[in-house]
Number of protein chains: 2
Amino acid sequence: MDDIDRQLLVLLQQDASRPYAALGEAVGLSAGATHERVRKLRERGVIRRTTVEVDPAAVGQGVLAFVMVESTRWVGDSGDRFSAIPEIQEAHVIAGSASALVKVRTSTTQQLQDVLRRIYAIDGVSGTQATVVLETFFERPVTL
Amino acid sequence: MDDIDRQLLVLLQQDASRPYAALGEAVGLSAGATHERVRKLRERGVIRRTTVEVDPAAVGQGVLAFVMVESTRWVGDSGDRFSAIPEIQEAHVIAGSASALVKVRTSTTQQLQDVLRRIYAIDGVSGTQATVVLETFFERPVTL
DNA sequence: GTTGAAAAACTTCCTTT
DNA sequence: AAAGGAAGTTTTTCAAC
């Protein structure tokens, strides 16, 4: 992981469909060498995957909320239970008063309520505290 | 936005480097027609961009925290102030007791503390409450 | 939406440093 | 071990239908 690798990651984050020749030119390498570096970044798991960013509102997921989940039991094994709820985009175990923090996207607040109900059904969950997002300033990739 | 468009989005989220011919085969279209549909999805902003997912830990950003920000003033105009802090990956205006919720990634808790200090320096900010993530179960794209 | 041909890009291999 | 260069193959692009 030298500086050239970091530059490549920045460029790929901006536009992963850029040709290797253009990438190489930007960092001062040939297309072949660039290709080899990116291949290794994938191999080492630094690049997890190539994907497209979808506008949530455009696919009917205009409601965003963060939910603090309290539990009477250790939540460390409940990852699959959260994962089974497709509206949950992220799930984290947290330090502090609550036990887990999840990020939820739905089309309506009605659906959000239904997600909360399903979270409640997870073993040990004793409470939820939902925070609804009014406006998202920005969401961006990891800064390098 | 018909069902084929949704299928294409799912496939592209999984792997955006897949060739159009393979995409087309999966949804029952020719490569040309597939290309045209994806082009329109980009044009309409449903697809925001093609990017790579970088493992935060691999680039020295192993510490993740969510910070509730309280403010004595309307935060709706402070988006640029949050955006100026590169460690902030997301910033949202929220309903409820706090005023904003931001997602922060740093390499150390020391650096996290420094980010909190910079958040405090934003006009009107009267308090922060950081929640440190112990383990991330998952982070995934918008579910379609 | 489909087909087919030209242009561009990707992958692989080999040489060089 | 890493980068440069060139050839073969695939993909993308852009017509016409």
Side-chain angles (χ1 to χ4, degrees), chain A residues 1-61 107 139-144, chain B residues 1-62 86 105 107-108 139-144:
Chain A
M1 265 299 282
D2 59 5
D3 192 55
I4 291 182
D5 282 335
R6 265 183 290 276
Q7 284 183 53
L8 288 174
L9 288 175
V10 169
L11 293 169
L12 286 172
Q13 277 182 341
Q14 290 167 2
D15 182 5
S17 64
R18 197 180 320 227
Y20 286 121
L23 274 179
E25 191 180 5
V27 300
L29 257 67
S30 72
T34 304
H35 179 258
E36 180 64 7
R37 276 185 180 259
V38 174
R39 191 190 63 74
K40 283 179 184 166
L41 285 170
R42 282 183 209 284
E43 189 181 70
R44 283 158 44 203
V46 177
I47 295 177
R48 286 190 174 139
R49 62 172 164 180
T50 304
T51 186
V52 293
E53 253 183 45
V54 174
D55 179 10
V59 293
Q61 310 239 24
S107 55
E139 293 180 290
R140 60 190 176 197
V142 178
T143 309
L144 299 162
Chain B
M1 265 296 283
D2 59 5
D3 191 57
I4 291 181
D5 281 336
R6 265 182 290 275
Q7 285 183 53
L8 289 173
L9 288 175
V10 170
L11 292 168
L12 287 171
Q13 277 182 341
Q14 290 168 2
D15 182 5
S17 64
R18 197 180 318 227
Y20 286 122
L23 274 180
E25 190 179 5
V27 300
L29 259 72
S30 71
T34 305
H35 180 259
E36 179 66 7
R37 276 184 180 258
V38 174
R39 192 191 64 72
K40 283 180 184 165
L41 285 170
R42 282 183 210 285
E43 188 181 71
R44 285 157 44 202
V46 178
I47 293 176
R48 286 188 175 142
R49 62 173 163 178
T50 303
T51 186
V52 292
E53 253 185 45
V54 174
D55 179 10
V59 293
Q61 309 238 25
R105 283 191 194 273
S107 56
T108 63
E139 292 180 291
R140 59 189 177 197
V142 178
T143 309
L144 299 161

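Quick caveat: nothing in here was measured; it's all calculated off a predicted structure. Below, chains carry the letters A, B, ... as their sequence lines are ordered, and counting in each starts from 1. Heavy-atom basis, side chains included; hydrogens, waters and symmetry copies ignored.
No more than 12 heavy atoms of other residues, nucleotides or ligands shown are found within 6.0 angstrom of CD on B/Glu25. Residue B/Glu36 qualifies as enclosed at atom CD: its count of foreign heavy atoms under 6.0 Å is above 12.
Counting to the nearest Å, the C1' atom of C/dT3 and the CG atom of B/Leu29 are 14 Å from each other. If you take NZ of B/Lys40 and C1' of C/dG1, they are 10 Å apart, rounded to a whole angstrom. Distance, A/Arg42 CZ to C/dC10 C1': 12 Å, rounded to whole Å. We find that OH of A/Tyr20 is positioned 13 Å from C1' of C/dT12, with the value rounded to whole Å.
Here the closest heavy-atom approach between residue A/Ser17 and residue B/Thr50 is recorded as N-CG2, 4.3 Å. A pairwise comparison of heavy atoms in A/Arg6 and A/Leu144 identifies O-CD1, 4.0 Å as the closest pair. Scanning all heavy atoms of the two residues, the minimum distance from A/Arg37 to A/Asp5 falls at NH1-OD1, 3.1 Å.
The residue B/Arg39 sits apart from the nucleic acid: no heavy atom pair falls under 4.0 Å.
Nucleotides of DNA chain D that come within less than 4.0 Å of any heavy atom of chain A span, from the 5' end to the 3' end, D/dA2 to D/dG4.
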Requested in this report: For the pair B/Arg49 and A/Asp15, evaluate salt bridge (Lys or Arg N to Asp or Glu O under 4.0 Å) and give the outcome as yes or no after the intermediate values.
Outcome: CA-CA 7 Å; B/Arg49 62 173 163 178; A/Asp15 182 5; over 6 Å; no
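Using a 4.0 Å cut-off, no side-chain N or O of A/His35 falls inside it from OP1 or OP2 of C/dC10.
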